[in-house]
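To start, I am sharing the structure in question, which I have written as structure tokens.
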Amino acid sequence: MEIPSRYNPKDTEDKWYKFWQDEFLFSAKPSLDKKPFTIVIPPPNVTGILHMGHALNNTIQDILIRYHRMLGEEALWMPGTDHAGIATQNVVEKSIAKEGLKRHDLGREKFVERVWLWKEQYGSTIIKQLKKLGASCDWDRIRFTMDEEYSKSVLEVFVRLYEKGLIYRGSYIINWCPRCQTALSDEEAAHHELQGNLYYLKYPLKDNPEDFVVVATTRPETMLGDTAVAVNPKDKRYKKLIGKTLVLPLVNREIKIIADSSIDIKFGTGAVKVTPAHDPNDYLMGKKHNLEFINVMQPDAKMNELAGDYKDMDRFEAREVILEDLKEKGLLEKVEPHVLSAGHCYRCHTIIEPYLSKQWFVKMAPLAKPAIEVVKKGKIKFYPKRWTKVYLNWMENIQDWCISRQIWWGHRIPVYYCKYCQQAGNSEKGTIVSRIKPDKCPDCGSADIYQDEDVLDTWFSSWLWPFATFYWPFGISHIANCISQDKKADLASSDKRYATSDMPKDLEYFYPTSVLVTAPEIIFFWVARMIMAGLEFMKEIPFKDVYIHGTVRDIEGKKMSKSLGNIIDPLEIIDEYGTDALRFSLISITAQGQDVYLSKERFEQGRNFANKIWNASRFIMMNLDAQNIQVDLCQFTKKEDLSLVNRWILSRFYSVLKELSKNLDNFKFNEAANLLYSFFWHEFCDWYLELIKSDIKNKANQVVMYKVLEKFLRVLHPFMPFITEEIWQNLPHEGKSIMVQLIPHVQEALIDKKVEKKVSSVFDLITTIRNMRQELEILPQDKVNVDVFASKSMKQALEVMSQEIRNLAKIDLLELQENYQHKSGQFVNILKDMHIVIPLAGLIDVDKYREKIKQRIVKTESDIKAKDAMLGNESFVKRAPAEVVEKERERLKELKDSLHKLKAVKDAIS
RNA sequence: GGGCGCAUAGCUCAGUUGGUUAGAGCGCUACAUUCACAUUGUAGAGGUCAUAGGUUCAAGUCCUAUUGCGCCCACCA
């Protein structure tokens, strides 16, 4: 069969993905003899569309999952999506707007129906895209944060926290988005700098209307709700005025001048208008000084009836009119330009209005305490470490969490009010928190009961993700709901999990999960809260390691975002370069914890690598005799059976494997990827294959090239799943899929301890050749392997080496000399490059060479002198670690040896 | 204001606990083309490791300061 000379990802990717799924290779189940390895996916929004951040995040997770699966662990990657309250509601609102409808036109029930409809239609876009990415999630387990069962978990958590006294309702100044008409948490309020003004307003004294106190404000419209003016008690300018009464202009309300030490004397005029209902600081001051709370706005940020003449004006319109009116009365002293930073809604970017309203809160301090402990004790580790500090700093200053949201899409708050009790003004009574709607009020017996209109913050469901996905606390068997018919049949015949009771339940088996892979932005939103929830409800940490990867940025360092138009669409890259190229390039440039700077050209590296693997494999397959693949390496028991070059490549592969697992276990994915890249390309292809090419039918060569390729494909598979499967399926092999082939252990890779020992004692061919080259042509080199030179002259050593080369190449050097100008082909290039052959063949400029040796001798002599001095230094010998001193002594010895040899070479050529 | 990070080749970045000669990809230059691969190969040029001090026998690596860039948090009447 003809194999094309270019790898075409489109021919293979969908095919193998389907194959893996059909063979249930992604599914995991509790197992008595296997160690679990669990990752829960950070659930993407149902409205989500795959972007580079997802691509990076999920590639990392997939590498971990596939790696551990191939290590023989029971690896589960739990998938799902997040209902994303406001985001989803926004999308659906936009879509019904096309029909000229607003959500209030439909009413709550109809609107929520529309959202579900939307979810059914479009909600799996992101899932399909994750599949394109190769994500090996156990899709039969997919969860959604608004699933019926998941919602039960959410409800349960609310009720339990309430019963424990950790949930309360309070009035609070919240960040209010007038457009979305909902409360936003502090984290959802993005602060941007804004060019505004500082307005100096004059408030007349009651006793003496000709005299004023001047206050500075950036939001003059809120003055309608002022209930005091505050000054610092230490401020000499205002000391006498404390306790006096002012008349608030335009509304003519009398307000007091109060003293509060929080006032900054230097800012503005040192006198501050206090508007407890419209500013968080003023709110605190209002509580402290028992001020009146006057709310002058409606939820849509238009002024309300308390604003008198300004009623129904938008806040910014009212601002202009009020300023006009004050100016007319001579009460506007001056206006100064002022840069302020205002909170913006992170969804719609509307300026946030601090707004007084009733909200539900979770008391966080008691939950935070154990969550701080587990991180301090190292039970949960962050990678990179520095995020630990960030986490602890936030947790130690944690604020209560406002969990109610004034939208329709979400888990409705399970609180019911008795109309009768509420009307009687008794808010203590007639508030029922319950898992199911109560029939009647327990206080008055009335059946007139209604549910709280608000829904819960989206994070109130996602913080339960690591255990609610396993049906906490009910632990129902999900076989009935979630497993496809095919799989059910499969399980029934092969798996005893659901038949016997001694198997651990999913929740027990897979929780706590192993690693959480996420972006730094959501450490507080999500990671911290999951730790708290895990400890509170499971009494155990939700995951052991948290890997925080960087933010994906464009080549100029800007965050990729739609509004900046600097998006690189991963799906386009997949289309153009292939999934494996996308994955490999992304990983190879993502250093641990560093942000990623991307440009499209980056992906060429991955594509080229895929193509290189493809062609090297093609070459091997074209030249491979199938009967040789059965041969065990143990068969080569004598040193001569395995040529130098075979021993070398096995030795190199051995160290690569060791290095690789070290890197992966430490979450150094880029180093792992680059290691595989340079081993395969620059050692296996550039040197090994070129060297055996002329004797490719040699049995040992056949065996070694096959074994190294086959095992290399396995270790590469987690990074580039598609191409490795495609090639592996074309190689003669046993087994169904590369996915069920274990990643070779170092020993397994080399089959046999004896071989391993032999291999590791063999010197490194390439290093030697390169060293020889340097020795002869360019620079002094100390690393020249002593084995070659031991008790031999330079000339003899060269003969030994060229004999090796000749054996490998089966090319006579004299013949080479005659033909080398005319012969084409890469092998000649390589030999030409190995200047090792040249001096013997008389092809070198001896004068130049002699000069280089001379320089080398000078350098070595000076090095020896320096080392001698260092070792003669008492302080060094005393204080440097013993190994270091020993190392330096060895080094000195080596230098002396090398000087000796150099002198011999000098003699030999003169 | 509080916290954190970064500064290494023309560009984008690696560089584990200090220890021989600081690496990669891309780009650039020269050469190679019946060859598994031009999405290729060989070679080459290109670095005062931001600056100034310090610790050390030894600093790209540790400490201090400075400069420049970036991020997070808080405040901003």
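Here is the naming used below: chain letters follow the sequence lines, and residue numbers restart at 1 for every chain.
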Can you list the residues that meet the ring-ring contact (aromatic ring centres under 6.0 Å, His included) rule with F680(A), with sequence neighbours excluded?
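Here the qualifying residues are F684(A), F712(A).
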
Quickly work out the Y688(A) OH to rA36(B) P distance and round it to whole Å.
16 Å

Suppose we define a pair by two distances each less than 3.5 Å, Watson-Crick or G-U wobble; what does rG68(B) pair with here?
rC6(B)

What is the separation between atom CG on L689(A) and atom C1' on rU42(B), rounded to the nearest whole Å?
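In whole Å, rU42(B) C1' and L689(A) CG are 17 Å from each other.
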
What distance, rounded to whole Å, do you find between the two C1' atoms, one in rA22(B) and one in rU48(B)?
13 Å

Whole angstrom value for the distance that separates P of rG41(B) from CG of N615(A):
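Result: 11 Å.
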
Just to verify, what does Y706(A) make a ring-ring contact (aromatic ring centres under 6.0 Å, His included) with, not counting sequence neighbours?
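Expected list: none.
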
Less than 4.0 Å between a side-chain N and a carboxylate O, is that true for D279(A) and R219(A)?
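Looking at R219(A) and D279(A), the cut-off is met.
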
In whole angstroms, the gap separating P of rU39(B) from CG of N8(A) amounts to 15 Å

Among residues at least two apart in sequence or on other chains, which ones pass side chain to side chain contact (heavy atoms under 4.5 Å, CB included) with R6(A)?
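For R6(A), the residues satisfying side chain to side chain contact (heavy atoms under 4.5 Å, CB included) (neighbours in sequence not counted) are N611(A).
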
Test item: side-chain donor near acceptor, N670(A) and S588(A), under 3.5 Å
no

Over all strands shown, is R6(A) touching base, sugar-phosphate only, or nothing at heavy-atom distances under 4.0 angstrom?
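Here R6(A) touches the bases of the nucleic acid.
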
rG25(B) pairs with which nucleotide, Watson-Crick or G-U wobble, both distances below 3.5 Å?
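Checking every strand shown, rG25(B) finds its partner in rC11(B), with both distances under 3.5 Å.
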
Say we look at rU21(B) and rA59(B): how far apart would their P atoms be, to the nearest angstrom?
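Result for the P pair: 12 Å, nearest Å.
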
Write down the distance separating the C1' atoms in rU64(B) and rU56(B), rounded off to the nearest Å.
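Comparing C1' positions in rU64(B) and rU56(B) gives a spacing of 16 Å.
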
In whole angstrom, give me the gap between the P atoms of rC57(B) and rG47(B).
32 Å

Could you work out the separation of rC73(B) and rU51(B) based on their C1' atoms and round it to a whole Å?
30 Å

Say you pick atom P in rU66(B) and the same atom in rA9(B); how far apart are they, in whole Å?
25 Å

Please confirm whether the shortest side-chain N or O distance from K612(A) to OP1 or OP2 of rG41(B) is below 4.0 Å.
yes

Does atom NZ of K662(A) have more than 12 heavy-atom neighbours from other groups under 6.0 Å away?
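Result for NZ/K662(A): open.
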
Could you identify the nucleotide paired to rA74(B), looking across every strand shown and requiring Watson-Crick or G-U wobble geometry with both distances under 3.5 Å?
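rA74(B) is paired with nothing.
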
Got a sec, which residues hit side chain to side chain contact (heavy atoms under 4.5 Å, CB included) with E333(A), two or more places apart in sequence or on another chain?
Y200(A), K202(A), V214(A)

Pairwise P distance for rA14(B) and rC62(B), with rounding to whole Å
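One P to the other, the span is 15 Å.
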
Whichever of K662(A) and A271(A) has the more 5' nearest nucleotide on RNA chain B, that residue is K662(A)

Close N or O pairs between protein and nucleotides 22-26 of chain B (under 3.5 Å):
| unit_1 | atom_1 | unit_2 | atom_2 | d |
| --- | --- | --- | --- | --- |
| rG25(B) | OP1 | H682(A) | NE2 | 3.2 |

Whole-Å gap separating C1' (rA36(B)) and CZ (F680(A)):
11 Å

Length of the CZ-P vector between F619(A) and rU40(B), whole Å
18 Å

Identify whether any heavy atom of L198(A) sits under 4.0 Å from a base atom; if not, whether one sits that close to sugar-phosphate; answer base, sugar-phosphate or nothing.
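It contacts sugar-phosphate atoms only.
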
Rounded distance in Å between the C1' positions of rA32(B) and rC13(B):
31 Å

Looking at residues at least two apart in the chain, or sitting in another chain, which of them share a ring-ring contact (aromatic ring centres under 6.0 Å, His included) with F609(A)?
F584(A), Y677(A)

Residue E671(A), side-chain atoms from C-beta onward, closest of rU40(B), rU39(B), rA14(B)
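The nucleotide sitting nearest to the side chain is rA14(B).
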
Looking only at side-chain N and O atoms, does T388(A) offer a donor or acceptor that is under 3.5 Å from a partner on K381(A)?
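T388(A) and K381(A) do not have a side-chain donor-acceptor pair below 3.5 Å.
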
Atom-pair distance (CD1 on I587(A); C1' on rC13(B)), nearest Å
15 Å

Just the rounded figure in Å: distance from C1' of rC37(B) to CH2 of W614(A).
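In whole Å, rC37(B) C1' and W614(A) CH2 are 12 Å from each other.
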
Paired with rU42(B) by Watson-Crick or G-U wobble geometry, both distances under 3.5 Å: which nucleotide is it?
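Per the H-bond distance test, rA30(B).
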
May I ask which nucleotide in the shown strands pairs with rC62(B), Watson-Crick or G-U wobble, both distances under 3.5 Å?
rG54(B)

